[in-house]
> 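My structure is below; once you've seen it, I'll send some questions.
For ligands, and for the atoms within them, numbers begin at 1 and follow the listed sequence. Here, residue 1 is the first one in the sequence, and each next residue gets the next number. As the structure is a prediction and not an experimental result, all values here were calculated from the model.
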Amino acid sequence: MRDFSADHRWLSLNTATVRKQGDLVHIVEACARHGIRAIDPWRDQVASIGLDRAVRAVRDAGLELSGYCRGGMFTSDAARRIEVRDDNRRAIDEAVALGAPCIVLVAGGLPQYSRPGSAASRDIVKARTQVTDAIAEMLVYASEAKMPLAIEPLHPAYAADRACVNTTMQALDICDQLDPQRTGALGVALDVYHIWWDPEVLPQIARAGQDRLLAFHVCDWMVPTKDILNDRGMMGDGVIDIRSLRSAVEAEGFSGYSEIEIFSNAWWDRPIDEVLQTCIERHRSAV
Ligand code: ZN
C-alpha cells in the first residue's frame with residue numbers, strides 16, 4: 001500500500017467539493033496554489049465556463065484528470081431515451097477533449113426522479129434492466145472514442161432518485177455481462193461513501209481486479225448523517241475505515257488517484273484555501 005503521509009502526489013480533487021466557492025477556473029487556480037495535480041470536474045462546471053476554456057485551464061495548469069463526472073441517468077421513459085443517449089455521447093466527447101481517463105456513470109433511479117417528466121414507475125427491476133441496456137449501447141460509442149466507462153454504485157438510499165445500481169457486486173455483474181473479455185472499456189468507480197457498509201465489499205474488490213478498478217473516491221460518513229446527499233464528511237471525521245478500502249484496491253494493483261469528493265453544506269461554507277489545506281492534511285493522515 002502506498003504511503004500518503006509525506007506528500008499529496010496522489011490526491012485528486014473532485015471539483016464538486018468546492019463547487020460553491022467559485023467556478024472551474026477559480027478551482028483550477030486554487031489547485032495550482034496547493035500543488036494539487038489532478039481533478040475530476042463536473043459537466044455543469046465545464047459547461048458554465050465553456051468546454052474550450054475548461055480544456056485550456058486544465059492544460060495550462062498542467063493538471064491531470066482522475067475522471068469526468070458524470071454520465072448516466074439512463075432511466076427514462078421511451079420518449080426521452082434518445083435524448084439521454086445523445087446527452088451521454090456528448091459527455092464522452094467532453095471527456096475526450098478534457099483528457100479524462102474515464103467517465104463516471106451514475107445509473108439513474110426510478111424514471112420519474114432521474115428524468116423529471118418521465119412517467120411514474122415503481123418498477124426498479126425494469127429500471128435496472130434499462131440501465132444495463134443503456135450502458136451496452138453507450139459502450140459502443142465509448143469504445144470507439146477509447147473512453148472507459150466507470151459504473152459508480154451508489155448507496156441504496158439513492159435507489160429511487162439517483163442510482164438503482166447499489167452494490168459493487170451489481171456493478172461488476174454488469175461489467176461481466178457487457179465486457180466479459182475485460183477489455184478495459186468498462187469498470188467501476190468505487191466511492192467509500194457508497195460501499196463502506198457492504199459486507200461483500202472486500203471480496204468484490206478482489207473480484208474486480210486491476211482492470212475493472214477505474215477510480216477510487218474518498219470522503220467520510222458522519223454519524224448522524226443529517227442530509228444523505230450534502231452532509232458527507234471530511235476524511236477522518238466519520239466512521240469509514242478508508243485505509244482498509246484503499247489497501248484492498250491497491251492490493252489488486254490500483255495505482256491511480258485518491259479522489260476527494262465531499263458534498264457538504266458545511267464545507268461549502270468555508271473558504272476554498274481552508275478546504276484544500278484540510279483535504280491535503282487528511283489525505284496524509286486519514287486516507
Ligand atoms: Zn463518487
> Counting heavy atoms not belonging to Tyr113, are there more than 12 under 6.0 Å from its OH?
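No - once you tally the heavy atoms of other residues, nucleotides and ligands closer than 6.0 Å, there are 12 at most.
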> What are the two closest heavy atoms between Val46 and Pro41, and how far apart are they?
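Reported closest heavy-atom pair: CG2-CB, 4.1 Å.
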> Walk me through it: do Ser121 and Asp123 pass the test side-chain hydrogen bond (donor to acceptor under 3.5 Å, both in side chains)?
CA-CA 5 Å; Ser121 168; Asp123 195 343; 5.5 Å; no
> Hey, is there an N, O or S on Cys69 sitting under 2.8 Å from the Zn ion (ligand 1)?
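Looking at Cys69, which is the residue asked about, there is no N, O or S atom under 2.8 Å from the Zn ion (ligand 1).
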> In Asp191, the N, O or S atom nearest to the Zn ion (ligand 1) is which?
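Atom name returned: OD2.
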> Just do the side-chain contact (heavy atoms from CB on, under 4.5 Å) check on Glu259 and Trp10 with the steps written out, would you?
CA-CA 8 Å; Glu259 177 181 320; Trp10 292 108; over 6 Å; no
> Looking at the Zn ion (ligand 1), which N/O/S atom of His217 is the nearest one?
ND1
> Once the angle between the rings of Trp196 and Trp221 is folded into 0 to 90°, is it parallel (under 30°), tilted (30 to 60°) or perpendicular (over 60°)?
tilted
> Which single N/O/S atom of Glu152 lies at minimum distance from the Zn ion (ligand 1)?
OE2
> When you measure from the Zn ion (ligand 1) to each N, O or S atom of Glu261, which atom gives the shortest distance?
OE1
